[in-house]
2 protein chains.
Amino acid sequence: MKEHNILNQLKVVCSLCSLRELCLPIGFALEELQQLDALTGSKRLVRRGEYLYRTGEKFAAIYAIRGGFFKTSVLHEDGREHVTGFHMMGDIMGLDAISTETHACDAVALECSEICEIPFDRLSELSMVMPVLHQNLHRIMSREIAFDHEIMLMLGKMRAEERLAAFLLNLSKRFSARGYSAASFQLRMTREEIGSYLGLKLETVSRAFSRFQEEGLISVQRKLIELKDADGLKRLLRV
Amino acid sequence: MKEHNILNQLKVVCSLCSLRELCLPIGFALEELQQLDALTGSKRLVRRGEYLYRTGEKFAAIYAIRGGFFKTSVLHEDGREHVTGFHMMGDIMGLDAISTETHACDAVALECSEICEIPFDRLSELSMVMPVLHQNLHRIMSREIAFDHEIMLMLGKMRAEERLAAFLLNLSKRFSARGYSAASFQLRMTREEIGSYLGLKLETVSRAFSRFQEEGLISVQRKLIELKDADGLKRLLRV
DNA sequence: GAAACGATTTGATCTAAATCACAATCCATG
DNA sequence: CATGGATTGTGATTTAGATCAAATCGTTTC
């Protein structure tokens, strides 16, 4: 009974690990996704606008996104909110809560999403007997740290249009790694949320979008973005 | 022979773990520090201005700071540098390199420092048989992620003086947790490095220091800082 | 101890992005 | 399908911080 349970969890976790490889540039993803689809972990549906977890809640599990789109944000005492990340299929959320065993940010679904809940104590147990899992956990956390440092550079050093260009290119790369079009995608977040993430006001984001369109770099129709000239966007980053 | 070696490493690592607890608000630090001082890990001296590691170098170990002061920074293609952190006694550096097995930032000593080099494969082995170590590794990485999110909020949402106030209060807290004065300390970094960390220019940092002094919040003499009114600084954060 | 260099402070000006304002458009819901 | 609130786009104005400039202070070097 218990054996079966552990084995099942093991399956979950294996798929999770390979799934995460999506974030690497290489694109050997599809069959892994189907594996994930076949597994029987504790899934949950989170509707648009619903919280997956909130700041201050007891930490019990990390979450792998099977489909959909999330934002995470931290709240300052004075009410200021800062969006710390956007998360999509294959991403892991909740890793920042391990140290305090309390969630340090809010996670909200930006569209109807399905997540796979992975009890953290179970995961820890498993990773003690499964070196590859252990290793991958470290990798995932390490990658998040390194990525956050990139964002810090962006927030600290880049001008508005550079930030937006970097943002669009990053989204494009991530969609592409998941088998979607790199050149054309639907934004799930508002201009205000993009602004919060990039340290800009929504008007500035809107103006930058318009400017990129004027210059023929992208085409914008509300939330539908088409990258017309990705190299042009990349050039913006090497000012 | 091998047993002894492992045991030795275990000692290193145990001290490392408890040492890291310094970062918690509670201050039960001194005896742990002495433990650290007594251990026989592979120590190394890093002189002021020397690199502990550089971007692109192969990752092999993480580093626990026994004494001294470091900065880490990421470099953008165009030459722009962004300081991602300042690190002192008890802090662990190099965690962001696990995922790619390549260092993603530079680490430079800002004063003559002593570090304890912890080979990562050895650490991984050990953590497989030592649950508490395993757990603490996760905690340390998780804490860094959560802390980086705080910095992102600071870079994205706060004004210049708020950032500097938050910076000073954070330094004060960390010095205090290590048994040093919370009210009076020597800055190890230049105004330019502070500015790079906070997303400001050195002139802005200098002006903010002067302003704080005029208002009686702190006293500044070059690198010597005295916090006269920590509550006043905290009030600045709740604008 | 003079010279040279780097770090800091302070002032004057400039500019990118914030703020304010409002119209246009979308879309959610009864 | 009509209505109201949210979202977006754009213009006018303001402002925080960048940039430019210069003097002062400290430290290292010869």
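In what follows, every heavy atom counts, from backbone to side chain, and hydrogens, waters and symmetry copies are set aside.
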May I ask you to say what [X] touches in the nucleic acid, namely base, sugar-phosphate or nothing, with a heavy-atom cut-off under 4.0 Å?
X: G199(B); answer: sugar-phosphate
X: S206(A); answer: base
X: L202(B); answer: base
X: T190(B); answer: sugar-phosphate

Legend entry - Base of dT19(C) paired with side chain of R207(A) (donor-acceptor, under 3.5 Å): yes
Inset, instruction - State whether the distance check finds a donor on one side and an acceptor on the other, under 3.5 Å, for side chain R191(A) versus base dT25(C). - result: no
Carboxylate-amine/guanidinium contact [X] [Y], below 4.0 Å:
X: R211(A); Y: E214(A); answer: no
X: D229(A); Y: K234(A); answer: no
X: D96(A); Y: R143(B); answer: no

Legend entry - R48(A) side chain, from C-beta outward: closest of dT10(D), dT10(C), dA28(C): dA28(C)
Inset, instruction - Scan side-chain atoms only and decide if T84(B) and S73(B) contain a donor-acceptor pair under the 3.5 Å cut-off. - result: no
Inset, instruction - Indicate whether any N or O donor in one side chain lies under 3.5 Å from an N or O acceptor in the other, for K223(B) and T190(B). - result: no
Inset, instruction - State, to 0.1 Å, how close K228(B) and S219(B) come at their nearest heavy-atom pair, and which atoms those are. - result: CE-CB, 3.6 Å
Inset, instruction - Find the bend of the helix from dG1(C)-dC30(D) to dG30(C)-dC1(D) as the angle between its two terminal axes (five pairs each), to the nearest 10°. - result: 50°
Inset, instruction - Select from K223(A) and K201(A) the residue whose nearest nucleotide in DNA chain C is closer to the 5' end of that strand. - result: K201(A)
